[in-house]
Amino acid sequence: MSAAATSETILVFDSGLGGLTVYREIAAARPGADFIYVADDAAFPYGAMDEAALVTRVVTLMDELIAAYRPDLIVIACNTASTIVLPDLRKKISLPFVGTVPAIKPACANSVSRHIAVLGTEATIAREYTRALIRDYAGDCQVTLVGSKTLATYAEAELAGTPVSDQAISAEIAPCFRDDGARTDTVVLACTHYPLLIDRLRRLAPWPVAFLDPAPAIARRVGDLLGPAPSAARAGTTRAIFTSGRPPTAALAQFGIRSQQVASAGSD
Ligand code: DGL
């Protein structure tokens, strides 16, 4: 068994605040690690971006971030980016990457009714990567694909303290719930923003379902790649970088990230 490193730096990347749901899980498992949380909020939402532009943007940004922060591992805590950018990142950069892709295989393993739904950004739902996961792993499960234009934006608004109505959230999730004699019993949260709304999703679901959040599986994968966590005797630090230059300090505080640890893009 390999010994724990004395320190490690993990970079967690998303278009906005959704990746905090993944950060939270990894930080709980590795309290002695140092984290750089990067939100490319200047380009939010990624779900509305052209694929080629998204690949170029993320690869360029990643080169700059690696030069500045020298991470040991990078988590792309965003389905919309992972399902299109990961092959380019892995080809160009020789660091370990952990991506976030729709949890279709575990959802189908979990489903008793054999009816699942995949709720993601319109871009993630349209990707060939997602369609291939269904072909490879859905087996005899019926899969309802639901692309939402606005749910990630609603999650950002809620976390920033701007309430979104039940009606607006219900309208986005309603197509997940199919009943043709057998009902949908599992909904894959294929966007890291959606677990930010988990209490609302559970309350507004027309009947109880399992909502699958990928964060625990991502934290386990990080552990597989990095090995034993560094000692928590020294508490790890977290720095948050927002490409807009406007870090949402109140939202970050809810995840234990203090304002003096927050930087704008390019600053230190
Ligand atoms: N958090 C991102 C994801 O997991 C998407 C939000 C966006 O559209 O930028 O897909």
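Between the Asp185 side chain and the Val112 main chain, a donor and an acceptor come within less than 3.5 Å of each other. Between the side chain of Ser111 and the main chain of Thr186, no donor-acceptor pair closer than 3.5 Å is present. Side-chain N or O atoms of Arg30 include none that pairs as donor or acceptor with a backbone N or O of Glu25 at under 3.5 Å. Checked by atom type and distance alone, the side chain of Tyr129 never pairs as donor or acceptor with a backbone atom of Ile84 at under 3.5 Å. The closest donor-acceptor contact from the side chain of Thr21 to the backbone of Gly18 lies under 3.5 Å.
Counting non-hydrogen atoms of neighbouring residues, nucleotides and ligands closer than 6.0 angstrom, the CZ atom of Arg178 reaches no more than 12 such neighbours. Atom CD of Glu128 has more than 12 neighbouring heavy atoms from other residues, nucleotides or ligands inside a 6.0 Å radius.
Side-chain contact between Val75 and Ile10 is present, with at least one heavy-atom pair separated by less than 4.5 Å. When side chains are defined from C-beta on, Leu65 counts as touching Leu11, because their heavy atoms get closer than 4.5 Å.
Using modelled atom types, one finds no donor on one side chain facing an acceptor on the other under 3.5 Å when comparing Thr100 with Asn79. Side chain to side chain, Thr124 and Thr121 meet the donor-acceptor criterion of an N or O pair below 3.5 Å. No side-chain N or O of Thr9 forms a donor-acceptor pair with one of Asp34 less than 3.5 Å apart. At a cut-off of 3.5 Å, with distance as the only test, a side-chain donor of Asp40 or Tyr46 sits close to an acceptor on the other residue. Judged purely by distance below 3.5 Å, without hydrogens or angles, the side chains of Asp180 and His115 pair a donor atom with an acceptor atom.
Among all heavy-atom pairs drawn from Ala157 and Val164, the shortest one is CB-CG2, 4.0 Å. Closest heavy-atom contact between Ala205 and Phe211: CB-CZ, 4.2 Å.
Ring planes of Tyr37 and Tyr23: perpendicular class, angle over 60° (limits at 30 and 60°).
Remark: Phe177 engages Trp207 in a ring-ring contact (aromatic ring centres under 6.0 Å, His included) (not counting sequence neighbours).
Looking at Glu172 and Lys149, no side-chain N of the basic residue comes within less than 4.0 Å of a carboxylate O on the acidic one, giving no salt bridge. A salt bridge does not link Asp63 with Lys92: none of the charged nitrogens is closer than 4.0 Å to a carboxylate oxygen. Remark: Glu122 does not engage Arg127 in a salt bridge, criterion side-chain N to carboxylate O under 4.0 Å.
Hydrophobic cluster membership differs between Leu196 and Leu151, with clusters built from Ile, Leu, Val, Met, Phe, Trp and Tyr side chains linked at under 4.5 angstrom.
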Check the pair Arg203 / Asp166 against salt bridge (charged side-chain N to carboxylate O under 4.0 Å, His left out), numbers first and verdict last.
CA-CA 9 Å; Arg203 182 162 64 71; Asp166 282 355; 3.0 Å; yes
